[in-house]
Amino acid sequence: MGQKQPRIRLFGVLLKATLLFMLFNFAFIFINDIPFGKLSLYNFIFPGRERFPFGETREAYNLSLFDLDAMFASHVLAGAEKAPDEYRVLLIGDSSVWGTLLAPDQTLAGQLNAGSITACGKEVHTYNLGYPTISLMKDLMILDRAKQYQPDMVIWLTTLEAFPKEKQLDSPIVANNSERIRQLITNYQLAMNPDDPALVKASKWDKTFVSRRRALADILRLQIYGTLWASTGIDQFYPEDYEHAQIDLEPDDEFHGLRSLQDALAFDVLDAGMSAIAVPTVLVNEPMLISNGLNSDIRYNFFYPRWAYDEYRQLLNEHTAARKWHYLDLWDLVPMQEFTNSAIHLTPEGEAMLAGEITKAIQTLCQ
Amino acid sequence: MGLIQIGASVLAALLVGVLTRSVRSTLRTYLLLALSVLAVYWFQPIVPLRSFDFWLPSLSLAFVVLTWFIIAQPGAWRARQNLNGLLIIAVLATLIDLSRYFFPDPLITATIPPQFNQYLIFAGIVVCVILFFTWLSHRSAWTITATIILLIVILFILKTPALSLQASIFFRTLANRPIESATALDVRWLGFSYIAFRLIHVLRDKQTGRLPELTLPEFTTYVIFFPSLAAGPIDRAERFTQDLRKGFALTQDETLLGGQRIAIGLFKKFVIADALALIALNDLLVTQVRTTGWMWIILYAYAFQIYFDFSGYTDIAIGSARLVGIKLPENFAAPYTRPNLTQFWNNWHMTLTQWFRSYFFNPFNRWIRGYKSIPAWAMILIGQLATMLLIGLWHGITLNFIFWGIWHGLGLFLQNRWSDFVRTRFPALVQNPSLQPALQVGGILLTFHFVAFGWVFFALSQPALSWQVFMKLFKLL
């Protein structure tokens, strides 16, 4: 006699499955502090990325995510043991530092590393911590997180577009790291409201597995893309052709609805960033395209009317001089033809010019 | 097919299963027919040619009805079931077209359906063609052959990029549309490969007198059965109809088994296959991958991606069909764990290989055996090569699919000769039990890699790219 199979009740199975799933889902609320992003295959199975993950298309073999831990864990910096003869330099900035349209070896960090520079008798290793969002607050967040990697120097490249107070909390990466940002506001006593509605406030439900599925899937996809990073060295989409930065400009002198920049710029965030790490920090007003086309008497480029940029430079000069910061005003270093698809994106040749100036600064200011 | 479409078809299947628990099987057939007709329109992806997302499914239905009229007994259409079937198809197609006047956005189709007068002209032409073919079929046995040839010609055009492009240019010219933007992908006719193969199967069986009588609702449901419309399996009409005619009550066990199969399929397709798809071999990666080791990994990723993708869809189809009492045939049975190429092909896309075996390989072999002057080994070689070449061409008429077919045809031939050689020359070696595990593992590895090398042709668009991959795989570049 064969043994009788126990009868399976569909309702029972569904009920148990639902209960188990709910348990699993809500358990995530209590394990919210586990930094899943720190678990990474980069620097173990795959080589670390030379710049942060960022990308919107599948051809980029890359993706944008908001998990700063995951971004750092995938970066070569996270796996780089600091040698005694290493002089570690961190580059902070926007897409011009990250290197839009540039291969990793053509970026500012890539060119500095290829130059085999020495400073204070040590070998300079530069790490690209640029991220394609223009905001001082985003830079401060990255700077603050990068402290733990024992830098010897920080080079912070920025531009006027990163300064307006109103846009400090607007970028998605800032808005979606609200806890971190609130902590920065408190720690550095920034003149910002920690309860600003721009900062995403996570409810209990937002911490469940169901709500976090996209973020978790992004972390997994980042690991999968490690294969393509390791096998191709490609981390962004390089179009065969692209629209070049605008030379002929609109006859418009508007800048974020402002008539003057007095009190409109987030200098407190800049101050926080400059004091975030107790190592020499060099502030660089990054090169930008200076147009000679239509209406160039009104605007320098797509981003800036002349009046605003001139006022910004004056304010920044005064601010840095008063604090005796290391400051390089390289706004007009690169000729117009060495820009690519934006008024701040440089060609490899433009990056080489910038690298030359940065090299001098590193060698002069090293300690 | 996306998750929403899969979810909706699973729900629809479950609903049919629940609703038809205690009713006659004919009602279940009508419901499945109606859902399948809707699915033909709903699953059809958007195409750049205006209203083709309506015309192509309508043509699929027209072909199905035409084929039924050809294979059915004279006057069979007057039977109530068949009239009901005709009514369901006609009413649904008409309602879908008329929906353009009642809803601002397309309801079932990807874009707004064509104007009603255009639809009426189309329907009129279809009726005339069906009447003509039906009249012809009762007078000439050649009608069936002509229909098979017509289906093959359409498949040939759809599978040949240059001809597809010409077809797109032709339709654009007809519609007064610019021809510069025409591409070979313009005429993406969802499920037609499978529909054509099912139709050819019944037409051939009709010719050979093996086809049982089928009502129009049964026949149409068989050909466009919504769970297996887009990616198979290719069932046999007589087996499918048997299930359809059987009384069926959706039990808890059936629901669980079906649900389990669907869940496995979803996991295979949307978790494993889609993740592997991010890193699987493609044209772009051929030039971008820098080292031999990574090229192997990219190739392995493709081998597993294609398996999990296809077998995942099959699992979903089999599971969904189970909810309505249809036991679709298996399509994959752990093919990568088979120790030789013959066994691989007996377990990979099984329903397609069985189809080719029944309708090409066996008849071809019977025919070639008539030529006594051809040696046995040459007969095997020609038979294997021709069959695999056709399977390759079924996927697309390009050089790379031809190479893929030849690769497998030659592989099957060599494996056949090798097996014979070893069996006759070294019988002790083959039967030695202590050697079996090693032979088994060695066979599996060898077969898997042979198949994986075949994917190098299958996955890429140009022979030059495939060549580059081989050079990189063996560090010759």
Side-chain angles (χ1 to χ4, degrees), chain A residues 4-18 20-21 41-42 44-47 49-50 53 55-65 74 103-105 209-210 213-214 216-240, chain B residues 3 10-11 14 17-18 21 249-264 266-267 270-305 308 319 322-323 468-469 472-473 477:
Chain A
K4 204 176 169 188
Q5 286 256 317
R7 189 170 163 73
I8 302 169
R9 298 211 167 269
L10 179 61
F11 181 73
V13 170
L14 289 176
L15 186 73
K16 278 181 209 164
T18 311
L20 273 175
F21 182 73
L41 298 177
Y42 290 90
F44 294 101
I45 292 176
F46 310 124
R49 289 177 175 271
E50 290 179 31
E56 309 299 343
T57 61
R58 199 167 152 167
E59 295 90 349
Y61 304 159
N62 209 337
L63 80 161
S64 306
L65 71 172
S74 70
D105 60 332
F209 173 73
V210 170
R213 66 191 188 282
R214 173 58 56 197
L216 292 167
D218 280 349
I219 293 173
L220 282 175
R221 278 199 298 151
L222 180 62
Q223 310 311 313
I224 294 169
Y225 276 130
T227 309
L228 295 179
W229 162 244
S231 60
T232 67
I234 292 170
D235 63 351
Q236 70 171 302
F237 175 57
Y238 302 102
E240 280 179 16
Chain B
L3 256 177
V10 169
L11 274 179
L14 195 62
V18 172
R21 276 174 80 154
L250 183 64
T251 60
Q252 288 194 9
D253 289 350
E254 283 296 319
T255 313
L256 273 172
L257 286 170
Q260 197 177 38
R261 197 71 194 262
I262 293 165
I264 291 170
L266 288 171
F267 187 78
F270 291 101
V271 179
I272 303 178
D274 281 5
L276 287 172
L278 295 175
I279 56 167
L281 180 66
N282 61 46
D283 280 5
L284 212 56
L285 278 175
V286 173
T287 48
Q288 291 173 338
V289 173
R290 298 176 297 191
T291 59
T292 293
W294 285 113
M295 188 50 98
W296 280 98
I297 287 170
I298 300 283
L299 176 61
Y300 290 148
Y302 184 85
F304 286 107
Q305 185 257 331
F308 283 112
R322 196 153 190 154
L323 298 177
Q468 237 181 306
V469 172
K472 278 189 182 175
L473 286 173
L477 198 69

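The sequence lines fix the lettering, A, B, ..., with proteins before strands; numbering per chain opens at 1.
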Measure the spacing between CG of B:N282 and CZ of A:R58 and express it to the nearest 0.5 Å.
-> 8.0 Å
Residue B:A277 versus chain A: region with a heavy atom under 4.5 Å | both
Region of A:I234 in contact with chain B, defined by heavy-atom distances below 4.5 Å | side chain
Chain A interface, residue from B:T255, B:L284, B:L276, B:V289 that has the most non-hydrogen pairs under 4.5 Å | B:V289
Going from OG1 on A:T227 to CG on B:L278, what distance comes out if it is rounded to the nearest 0.5 angstrom?
-> 9.0 Å
Non-hydrogen atoms of chain A under 4.5 Å away: do they reach the side chain of B:I297, the backbone, both or neither?
-> side chain
Looking at B:L285, B:T287, B:T291, B:T251, which has the largest count of heavy-atom pairs under 4.5 Å with chain A?
-> B:L285
